[in-house]
Asker: 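Quick one: the structure is below, questions incoming.
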Amino acid sequence: MRVLSSELKEHIGKEAMIQGWLHKKRLLGGLNFLTIRDRRGLVQVLVENKDEIEKLRGLQIGTVLEITGNVIEEERAPGGAEIHEPALSVMVPVTDEPAIEIDKPISHKSEHLDTLFEHRVLNIRNIQEQKIFRIRASLTRYIREYLNQNEFIEIDTPKLLAEATEGGAEVFTLDYFGKTATLAQSPQFYKQIMVGAFERVYEIGHSYRAEPSATTRHLTELTMLDIEMGFVIDHDEVLDMVGNMTKHVLKAVYDEHSADLKSLNAPELKLEEAVVPRFTIAEIHEMYTKATKTDTTSEKDLTPDEERWISDYARKQLGTDLVYAVKFPAEAGKFYHKFDDEGTVLWGDLLFRGLEIATVPLRENNYQKMIDQMKSAGLDTEHEGFRAYLSAFKYGLPIHGGCGFGIDRLVQKTVGLANVKEATLFPRDINRLAP
RNA sequence: GGGCUCGUGGUGUAGAGGCCUAACAUGCCUCCCUGUCACGGAGGAGAUCGCCGGUUCGAAUCCGGUCGGGCCCGCCA
């Protein structure tokens, strides 16, 4: 029976068999220490028999080993226990020298990110690096738990589409048996259609944007959480749902991964306000202009510096890492958004530690108003690409709203990473398609 | 798409016209070492300085182009 690293202490005084990767060698001559890595962590093995250590001659870090020996309580060993008098068996020999050193901290400096992604296969074996992606897995797990508990149905919608009808972002095109297909920039139409069946739906999937953006917050292939809920009372209900979910998920992850987050130098979580506070775009422009003497009052959207400024303000003045920017000017809206009487879009941007992580709008649900808004946006309502979408409205959609939520950005800001790509295993950007 | 920057052994850096036949750290190889945990010590291999062209008696170093990286802005998740 294989014993995992975290279970070693339970086997003190007995013989145990472990399997894992050779992580580190410290050869002192008559006294040799091996560190073995498995999915739970590390085990130290003390090798005094020269014949056993000779089995590793010519083999590199990463060699897969099976080791059987006596488990000894030893306070000098990391973890308080180690294996003595081991018998080594090489399961998979590795003779190629790893290109990077995995037992040491992997550099996340911006100028080293290319090396990081080029050698991802190896650096993901670094314990510290793995923590980012264990935290990422927990974030999406808690999101699913929260939404499932609130009667949301998880759906999967196609990413191969006939053509781009949603508008907005640039899309990728590809050959599809002689026809031209596009990659979905979001599940927007499909999730709204599904409100007509399930009321509450969500999807965690990939979206593709052909925007030539070269920034620390853009990917061409991103992971989005799309939520849509019907029969809402007003925009505030949607803002509250998304805000409360985010708070719940962050608290749960900070609770479960407190040690990991600390070791990654993640910021302390601040969520003192009962609900996520809201400021209108106009208010933020005014506050920012007053505070920085940089006039932004004629901007329609927030500038990246305003996003950072209002987040900083919310953290310091209100004790919260989450803040909403609401009531966007009408020209910022799309044809499927709902507009209020004051001529603003019922749309909220959820900001987390200086970065927009979600857009949270209310949708127009009236069939005739949709037709009108599409026409005034210059769209052809008879277009084949709108038929299924519009028929969902024709056959009855309740008032609904939801969000497009950037999972990669959530992970980035939770951990405190400078670049969204660091929160992604194999990031796709304007220049990178491999590995 | 616009602007600004950076490319030197596997990895991270130093060198900024001749001292470079390119230095240091780490990794790798050989040897020594009985409590290491960034182990320590001795020795060794490993880079024509991204690529192409130019200036110069002489270029890693200056200039032009090109390719690749990074950051900011626009746009957005």
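The sequence lines fix the lettering, A, B, ..., with proteins before strands; numbering per chain opens at 1.
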Asker: Taking atom C1' of B/U36 as reference, at what distance in whole Å does atom CD of A/Glu74 sit?
Answerer: 11 Å

Asker: Please verify the inter-ring angle class for A/Phe386 with A/Phe189; under 30° counts as parallel, over 60° as perpendicular, anything in between as tilted.
Answerer: tilted

Asker: Taking donor-acceptor contacts at under 3.5 Å, does the side chain of A/Arg409 reach the base of B/C76?
Answerer: yes

Asker: What interatomic distance, in whole Å, is found between P of B/U55 and the corresponding atom of B/U61?
Answerer: 15 Å

Asker: Base, sugar-phosphate alone, or nothing: which one does A/Ile61 contact when heavy atoms must sit under 4.0 Å apart?
Answerer: nothing

Asker: Under 4.0 angstrom, heavy atoms only, what part of the nucleic acid is A/Lys109 near: base, sugar-phosphate, or nothing?
Answerer: nothing

Asker: Determine the Euclidean distance between corresponding P atoms of B/C72 and B/G15; express it in Å to zero decimal places.
Answerer: 26 Å

Asker: Counting side-chain heavy atoms from C-beta on, which of B/A77, B/C71, B/G10 comes nearest to A/Trp347?
Answerer: B/A77

Asker: Tell me what A/His23 touches on the nucleic acid: a base, only sugar-phosphate, or nothing, going by heavy atoms under 4.0 Å.
Answerer: nothing

Asker: Run the side-chain hydrogen bond (donor to acceptor under 3.5 Å, both in side chains) check on A/Gln149 and A/Glu145 step by step: do they pass?
Answerer: CA-CA 6 Å; A/Gln149 274 167 19; A/Glu145 272 179 23; 5.0 Å; no

Asker: Just checking, any donor-acceptor pair under 3.5 angstrom between side chains of A/Thr297 and A/Glu286?
Answerer: no

Asker: Please measure how far the C1' atom in B/G12 lies from the corresponding atom in B/G27, and state the result in whole Å.
Answerer: 11 Å

Asker: Applying a 3.5 Å limit to both distances, which nucleotide forms a Watson-Crick or G-U wobble pair with B/C62?
Answerer: B/G54

Asker: Might you work through the side-chain contact (heavy atoms from CB on, under 4.5 Å) test for A/Leu31 and A/Glu48, ending with a clear yes or no?
Answerer: CA-CA 5 Å; A/Leu31 197 61; A/Glu48 294 176 281; 4.0 Å; yes

Asker: Identify whether any heavy atom of A/Glu118 sits under 4.0 Å from a base atom; if not, whether one sits that close to sugar-phosphate; answer base, sugar-phosphate or nothing.
Answerer: nothing

Asker: Can you tell me if the side-chain N/O atoms of A/Arg57 get under 4.0 Å from OP1 or OP2 in B/U30?
Answerer: yes

Asker: Could you work out the separation of B/A42 and B/A25 based on their P atoms and round it to a whole Å?
Answerer: 11 Å

Asker: Which part of the nucleic acid, if any, lies within reach of A/Ser213 when heavy atoms closer than 4.0 Å are counted: base, sugar-phosphate only, or nothing?
Answerer: base

Asker: Considering every strand shown, what is the Watson-Crick or G-U wobble mate of B/G40 when both distances are under 3.5 Å?
Answerer: B/C32

Asker: Counting side-chain heavy atoms from CB outward, which of B/U34, B/C76, B/G69 is closest to A/Glu356?
Answerer: B/C76

Asker: Indicate, with a heavy-atom threshold strictly under 4.0 Å, whether A/Leu219 touches base, sugar-phosphate, or nothing.
Answerer: base

Asker: If you look at every strand shown and take non-hydrogen atoms under 4.0 Å, does A/Gly29 touch a base, only sugar-phosphate, or nothing?
Answerer: base

Asker: For B/C29, does OP1 or OP2 lie under 4.0 Å from any side-chain N or O of A/Gln60?
Answerer: yes

Asker: Side-chain N or O of A/Arg432 less than 4.0 angstrom from OP1 or OP2 on B/G70?
Answerer: no

Asker: Considering only side-chain heavy atoms of A/Glu82, which listed nucleotide, B/C73, B/C76, B/G35, is closest?
Answerer: B/G35

Asker: Return the 5'-most residue of the pair A/Val420, A/Pro98 with respect to RNA chain B, ranking by each residue's nearest nucleotide.
Answerer: A/Pro98

Asker: Please determine, by modelled atom types, if A/Asp260 and A/His257 share a side-chain donor-acceptor pair under 3.5 angstrom.
Answerer: yes

Asker: What nucleotide among B/C71, B/C73, B/C76 has an atom nearest to a side-chain atom of A/Thr216?
Answerer: B/C71

Asker: Which whole number of Å gives the distance between the P atom of B/C24 and that of B/G46?
Answerer: 15 Å

Asker: Any side-chain N or O of A/Thr115 less than 4.0 Å from the OP1 or OP2 oxygen of B/G12?
Answerer: yes

Asker: Counting only Watson-Crick or G-U wobble pairs whose two distances fall under 3.5 Å, which nucleotide matches B/C4?
Answerer: B/G70

Asker: Nearest to the side chain of A/His218, heavy atoms from C-beta on, is which of B/A77, B/U36, B/C29?
Answerer: B/A77

Asker: Just how far, in rounded Å, is P of B/G40 from CG of A/Asn32?
Answerer: 15 Å

Asker: Could you please name the option among B/C76, B/U13, B/U30 that lies closest to any side-chain atom of A/His112?
Answerer: B/U13

Asker: Work out how far the P atom of B/A23 is from that of B/C4, and round it to whole angstrom.
Answerer: 36 Å

Asker: Could you measure the distance from the OG1 atom of A/Thr424 to the CZ atom of A/Arg432? Nearest 0.5 Å is fine.
Answerer: 12.0 Å

Asker: If you compare every side-chain N and O of A/Asn431 against the phosphate oxygens of B/G68 (OP1, OP2), does one of them come in below 4.0 Å?
Answerer: no

Asker: Just checking A/Asn419: base, sugar-phosphate only, or nothing, at a heavy-atom cut-off of under 4.0 Å?
Answerer: sugar-phosphate

Asker: Quick check on RNA chain B: between A/Asp429 and A/Phe405, whose nearest nucleotide comes earlier from the 5' end?
Answerer: A/Asp429

Asker: Atom CZ of A/Phe328 and atom P of B/C75: how far apart are they, to the nearest Å?
Answerer: 12 Å

Asker: Round to the nearest Å and state the distance from A/Glu422 atom CD to B/C71 atom P.
Answerer: 8 Å

Asker: With heavy atoms under 4.0 Å as the rule, sort A/Thr35 into base, sugar-phosphate or nothing.
Answerer: nothing

Asker: Starting from C1' on B/C28, measure out to CD1 on A/Ile100 and report it in whole angstrom.
Answerer: 15 Å

Asker: Do we see a donor-acceptor contact under 3.5 Å between the side chains of A/Tyr254 and A/Glu268?
Answerer: no

Asker: Any base atoms under 4.0 Å from A/Phe33, or only sugar-phosphate, or nothing? Heavy atoms, all strands.
Answerer: base

Asker: Between B/A16 and B/C63, how far apart are the C1' atoms? Round to whole Å, please.
Answerer: 15 Å

Asker: For the pair A/His206 and A/Tyr208, name the ring-plane relationship: parallel under 30°, tilted 30 to 60°, perpendicular over 60°.
Answerer: perpendicular

Asker: A/Lys24 NZ to B/C28 C1': how many Å, rounded?
Answerer: 12 Å

Asker: Assign A/Leu222 to base, sugar-phosphate, or nothing according to its heavy-atom contacts below 4.0 angstrom with the strands shown.
Answerer: base

Asker: Tell me which one of A/Leu22, A/Val64, A/Leu59 satisfies side chain to side chain contact (heavy atoms under 4.5 Å, CB included) with A/Val90.
Answerer: A/Leu59

Asker: Please determine, for the side chain of A/Asp301, which listed nucleotide (B/C76, B/C73, B/C37) has the closest atom?
Answerer: B/C76

Asker: Taking the minimum atom-to-atom distance to the side chain of A/Arg308, which one of B/U13, B/C75, B/C73 wins?
Answerer: B/C73

Asker: Could you state the atom-to-atom distance from CD1 of A/Ile102 to P of B/C37 in whole Å?
Answerer: 19 Å

Asker: Any chance you could lay out the side-chain hydrogen bond (donor to acceptor under 3.5 Å, both in side chains) test for A/Asp38 and A/Ser5, step after step, and finish with the verdict?
Answerer: CA-CA 7 Å; A/Asp38 65 16; A/Ser5 54; 2.6 Å; yes

Asker: Nearest-Å distance, CD (A/Glu85) to P (B/U34)?
Answerer: 18 Å

Asker: What's the closest nucleotide to the side chain of A/Glu97 if the choices are B/G69, B/C28, B/C75?
Answerer: B/C28

Asker: Give me the distance, rounded to whole Å, that separates B/G44 from B/G3 when you measure between the C1' atoms they each carry.
Answerer: 49 Å

Asker: With heavy atoms under 4.0 Å as the rule, sort A/Leu46 into base, sugar-phosphate or nothing.
Answerer: base

Asker: On the nucleotide B/C39, are OP1 or OP2 found under 4.0 Å from the side-chain N or O atoms that A/Arg76 carries?
Answerer: no

